[in-house]
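Scroll down for the structure; my scribbles are underneath it.
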Amino acid sequence: MMDLTFATCSEVGRAVRDRKVSAVEVTRHFLKRIGELDPKIGAFTTVNSRAEAQAADVDARLARGEAVGPLAGVPIAIKDLLCTKGLRTTASSKILANFIPPYSATVVRRLEEAGAICIGKTSLDEFGMGSSNENSAFGSVKNPWNPEYVPGGSSGGSAASVAARMALASIGTDTGGSIRQPSSFCGLFGIKPTYGRVSRYGIIAFASSLDQAGPMALSTEDAALILEVISGRCERDSTSADVSVPQFSQQISDQVKGLRIGLPKQYFAEKMDADVERVTRESIEALKKRGAILVDVELPLVKYAVPVYYLVATSEASSNLARYDGMRFGHRSKNATKGDLDDLYSSSRGEGFGPEVKRRIMLGTYALSSGYYDAYYQKASQVRRLIRDEFTRAFTQCDVILSPVCTSPAFKIGERINDPLAMYLNDIFTTSTNLAGLPGMSVPAGFSKEGLPIGVQLMAPHFEESRLFNVSSVLEKDLGAAKSRRPHVI
Ligand code: GLN
């Protein structure tokens, strides 16, 4: 019997297809772990009570000799921002605390078609707004590497669930860093795909021009395998790209000889934690040893990425979140006593949204208001275009760009929650790829003195995710950071 806790998705998928282990056994194993560990971690908002039945269905299909996909019986945790048919979907918000979607997101549907088992829904910063998971209406999530620390955010529950081996992989979403930063904080391989690579249908919208879903996994191969399953054109999302999807997991090559790695001067000039700097340098050295060529690149405008992101993202959020009005779905206040519609709207929204969501709705409404639109939203959109152009230029000089994911490893729960600006600045290295629509990946690269994981970020031109997997695979083998230590809880 294989050690399921430390297996990868590809290993488990293969074992289930070869009928060495049943999907039901795998599912029971992980449900048991959730039962034992999650009271200490708080990664899940809802455990899927039908998980075992879904697994039994996969086993039945195998028994009948039907083809079952590459993720047969693989337990995957889904960020609670993706709709799951018949299974509560909350966005970690009180306003959707009882929402049961009548349909599943395309990402979820594709995973299930490939045989995966949605084991449960994971906690996040409300509507994806935050970097620490402390903005969840259901309480903070603890980092499995050290429970005094945050797991990162906004996909913190997705990261913690995999780091604690309560699932073999998870799905996160990334609007400004929410897959990459928690992956870095929890020692995972997390990729934000090119904008348009993955359908946004059924994903609760935060900022529609920036949002993308992607895998958070325990190996390069798993991240690649899940990405190829969830990618591709979807008729229900007009922004999903009609671009062919490579068999990412089959094409991983450790050939980085001659590959040009761009090091953006501006990123390295930022004040950063000494351990982050050391780990980043070690990653660069490892690639150099394999024959990669290092080139300095200029991205002078990335210093505006955080302010531009917080104008674009809040503007889009203020518009997207207008639908939560207590009328069609979600929380409806019982305290609206004046009998008029405005009172019902404001009471429902006032009770349903948390403080960070309210702050963003106000910021975005202001940035879009007449008289300020030109100065804020429009200006931000123009600078966004220039940032994108700057990356296009940089990618004429290099094939992949490497930088830190974050200026520090995970920070302590409570340390930054009362300082929104410090929290926003945490996104300094990640937001630019969302603004430019580029793919970005966090790869485990080392540890801090305190034993917390640190990731390194890789970026590539549009639809060149394969390059990220190649470089990731080299770092995975040569640095060994994903294998060398175990989280505190296991
Ligand atoms: N931390 C960023 C924010 O708070 C990014 C969030 C995300 O990518 N969903 O907006």
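Just follow the structure's listing: the first ligand is 1, and inside any ligand the first atom is 1.
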Exercise. Give the C-alpha distance, both sets of side-chain angles, the deciding distance and a yes or no for ring-ring contact (aromatic ring centres under 6.0 Å, His included) between Phe127 and Tyr324.
Key: CA-CA 12 Å; Phe127 284 99; Tyr324 306 104; 5.2 Å; yes
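Residue contact check for ligand 1: Gly177 places a non-hydrogen atom closer than 4.0 Å to it. Proximity of Arg360 to ligand 1 is established by a heavy-atom distance of less than 4.0 Å.
Some N or O of Tyr310 is nearer than 3.5 Å to an N or O of ligand 1, by distance alone. Here's the thing with Phe206: none of its N/O atoms is less than 3.5 angstrom from an N/O atom of ligand 1. For a threshold of 3.5 Å applied to N or O pairs, the pair formed by Met129 and ligand 1 contains no separation below that value. Ligand 1 has no N or O atom lying under 3.5 Å from any N or O atom of Lys79, backbone or side chain.
Between Phe185 and Phe411, the angle of the ring planes goes over 60°, which puts this pair in the perpendicular group of the 30/60° scheme. Taking the six-membered ring where tryptophan is involved, the planes of Trp145 and Phe447 are tilted, since the angle between them lies from 30° to 60°. Ring geometry for Tyr376 against Tyr372 counts as parallel: the plane angle stays under 30°, on a 0 to 90° scale with 60° as the upper cut.
Residue-level proximity to ligand 1 for Asp427 is carried by the side chain, the only part with a heavy atom below 4.0 angstrom.
Summary of contacts: the protein heavy atom closest to atom 1 (N) of ligand 1 is Ser131 OG, 2.8 Å. At the top of the distance list for atom 7 (C) of ligand 1, counting protein heavy atoms only, stands Ser178 OG, 2.3 Å.
For ligand 1, the atoms lying closer than 4.0 Å to a non-hydrogen atom of Tyr309 are 2 (C), 3 (C), 5 (C), 6 (C), 10 (O).
Judged by distance alone, the side chains of Ser155 and Lys79 do bring a donor and an acceptor atom under 3.5 Å apart. Lys121 and Thr89 are linked by a side-chain donor-acceptor pair at a separation below 3.5 angstrom, with hydrogens and angles left out of the test.
Note that Arg88 lies in the cation-pi zone of Phe138, set by a 6.0 Å cut-off to the ring centre and a 45° limit from the axis.
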